[in-house]
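Read the structure below first, then the notes.
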Amino acid sequence: MKLVELHSVRHCYGKLEALHDLNLSLNEGEVLGLFGHNGAGKTTTMKLILGLLRPTSGQVCVSGASPEHVGVRQQLGYLPENVSFYPQLTGLETLRYFARLKSAPSAQVEALLRQVGLTEACQRKVKTYSKGMRQRLGLAQALLGKPRLLLLDEPTVGLDPIATRELYAIIQQLREGGTAVILCSHVLAGVEAFIDRAAIMAAGRLQADGTLSELRSQVGLPSLIRVNGLLQARRWQAQLSGEGFNARLVGEDNLEVATHNGAKQQVLKILLEQGDAEDIEVRQANMEEIYSHFMTQPSAHRSAP
Ligand SMILES: Nc1ncnc2c1ncn2[C@@H]1O[C@H](COP(=O)(O)OP(=O)(O)OP(=O)(O)O)[C@@H](O)[C@H]1O
């Protein structure tokens, strides 16, 4: 059984149809990246899964039941986009307060503060916390009760690169522990390493859904082979271009060659044969490129909700 299943879900806010015929599912322990432009319907999708909204039509199931079911709600953790706390409470008091609200064992509080790196700051008032600290406290709050499914709405907004990496490391630990995660984000750089699947939404519809390798083969974007420190780069560019490859000179001694799967080995063989490259890097299409591809498809330009 899938942990989450959305069947033909429509959701309307009054006359505005925010989601049209959405079908989406999630397995236990899977991390799904949910991406899309502003207003694409990501938060609405999350709220339906959380049971905070009801679909206008269609069905939303979590663990085979309605998310409004108390037993199901207890399996869910949510970090909203704009997390806010009582500024006068300390981190520890805040988490104890949420533990009571969620009927989670108070023994989890200190362990979670440790997990998100807030032990030392836990006696400080939340109003003195930085944005990154508040996000981490929000994550600890979402993890109370050991949820089977964690929904994170823009968890890296406002985080510096180190804090972002730390947050992803926590998601990685959770995944290893079997927690499923839906990660909704506009920050696509580097996200590939932390997700199992990506769903891309535009104007309330799903444009794409699959593992990264499935999406890569759907989009057919080339891999880039970058060769650094190549003596006579210009000569190699001419040879590769002569053989029909798209080879671009970068500076005087670097080459960038765009190749599709079948040709990758052939290009690498040609480049290795002349043996004077300092470094060769092969880079597959990343999430930003995959996303841009789907967003420039005509189907992504139906009138926005
Ligand atoms: N409470 C609401 N009342 C009316 N319209 C709403 C409401 N919430 C969202 N919408 C509309 O529904 C559509 C989808 O919004 P949603 O917040 O789900 O998008 P999103 O993908 O999360 O956007 P963002 O990336 O900007 O957070 C948008 O057109 C939005 O204006």
Side-chain angles (χ1 to χ4, degrees), residues 23-27 30-38 40-42 45 152 154-157 161 164-165 167-169 171-172 175 181-203 205-230 233 236-237 240-241 243-251 254-272 277-302:
N23 292 288
L24 191 66
S25 67
L26 184 74
N27 291 313
E30 197 172 36
V31 180
L32 173 75
L34 185 59
F35 308 123
H37 59 76
N38 290 124
K42 305 176 298 292
T45 303
L152 305 174
E154 296 292 349
T156 58
V157 166
T164 299
R165 215 173 51 207
L167 186 123
Y168 281 142
I171 295 176
Q172 183 76 26
R175 166 161 70 174
V181 180
I182 298 182
L183 168 72
C184 186
S185 181
H186 290 294
V187 185
L188 302 183
V191 79
E192 304 85 1
F194 305 99
I195 59 174
D196 299 303
R197 262 174 56 220
I200 301 175
M201 296 181 71
R205 291 185 164 85
L206 205 56
Q207 289 295 308
D209 176 18
T211 62
L212 289 182
S213 60
E214 285 167 350
L215 297 182
R216 280 189 182 114
S217 62
Q218 269 181 46
V219 298
L221 288 170
S223 296
L224 279 187
I225 299 178
R226 192 179 171 121
V227 199
N228 295 323
L230 199 60
W236 287 107
Q237 181 200 24
L240 286 161
S241 301
E243 295 188 32
F245 294 107
N246 174 7
R248 192 170 72 90
L249 205 57
V250 184
N254 300 323
L255 263 192
E256 210 166 67
V257 194
T259 64
H260 287 87
N261 273 345
K264 211 184 306 176
Q265 290 182 356
Q266 197 185 341
V267 172
L268 284 172
K269 187 162 172 282
I270 295 172
L271 289 167
L272 287 168
E278 275 172 21
D279 194 14
I280 298 182
E281 179 194 352
V282 182
R283 189 175 71 69
Q284 292 183 299
N286 61 28
M287 197 61 233
E288 282 169 307
E289 290 159 338
I290 295 170
Y291 177 83
S292 303
H293 172 89
F294 283 107
M295 282 299 163
T296 50
Q297 299 299 297
S299 53
H301 297 287
R302 294 183 190 104

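We're numbering straight along the sequence, starting at 1.
- A distance of 3.5 Å separates OG in S223 from NZ in K264, rounded to the nearest 0.5 Å.
- Put simply, CD1 on I195 and CD1 on I171 are 10.5 Å apart, with the number rounded to the nearest 0.5 Å.
- Listed here is the closest heavy atom pair of A233 and N254: CB-N, 4.2 Å.
- One finds a salt bridge joining R283 and E289 here, because a Lys/Arg side-chain nitrogen approaches an Asp/Glu carboxylate oxygen to under 4.0 Å.
- A donor-acceptor pair under 3.5 Å is absent between the side-chain atoms of H260 and the main chain of L221, judged by distance alone.
- Taken from CZ in R197 to CD1 in I182, the straight-line distance is 9.0 Å, to the nearest 0.5 Å.
- Closest approach of P155 and C184 over heavy atoms only: CD-O, 3.6 Å.
- Salt bridge present: R226 and E256 bring a charged side-chain N and a carboxylate O closer than 4.0 Å.
- Q172 places no side-chain N or O within 3.5 Å of a backbone atom of A169 that could act as its donor or acceptor partner.
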As a quick check of understanding, evaluate side-chain contact (heavy atoms from CB on, under 4.5 Å) for H37 and Y291, giving each step before the final call.
CA-CA 10 Å; H37 59 76; Y291 177 83; 4.1 Å; yes

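- Ring pair Y168/F194 is parallel by interplanar angle, where below 30° counts as parallel and above 60° as perpendicular.
- Of the listed residues (V191, L167, L32, T156), just one forms a side chain to side chain contact (heavy atoms under 4.5 Å, CB included) with L183, and that residue is V191.
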Derivation of the side-chain contact (heavy atoms from CB on, under 4.5 Å) call for K269 and Q266
CA-CA 5 Å; K269 187 162 172 282; Q266 197 185 341; 5.7 Å; no

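- Here the side chains of R216 and I290 are in contact, with some heavy-atom distance below 4.5 Å.
- Minimum interatomic distance between M295 and G36 (heavy atoms only, all atoms of both residues): CE-CA, 4.0 Å.
- Rounded to the nearest 0.5 Å, atoms CG (L215) and CE (M287) are 6.0 Å apart.
- At least one side-chain heavy atom of M201 sits less than 4.5 Å from a side-chain heavy atom of L34.
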CA sep, side-chain torsions, deciding dist, call: I270, E243, side-chain contact (heavy atoms from CB on, under 4.5 Å):
CA-CA 11 Å; I270 295 172; E243 295 188 32; 3.5 Å; yes

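- Taking CD of Q218 as the reference point, atom OG of S213 lies at 10.5 Å (rounded to 0.5 Å).
- Put simply, the residue from L268, V267, L255, N228 that forms a side chain to side chain contact (heavy atoms under 4.5 Å, CB included) with I280 is L268.
- Between G210 and E214, the closest heavy-atom pair is CA-OE1, 3.3 Å.
- Interatomic distance, CD of Q207 versus CZ of F35, reported as 14.5 Å (0.5 Å rounding).
- Side-chain contact check for H186 versus N38: some heavy-atom pair is nearer than 4.5 Å.
- Considering every non-hydrogen atom in both V31 and R175, the closest pair reads CG2-CD, 3.5 Å.
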Residues L24, D209; criterion side-chain contact (heavy atoms from CB on, under 4.5 Å); working and verdict:
CA-CA 8 Å; L24 191 66; D209 176 18; 3.9 Å; yes

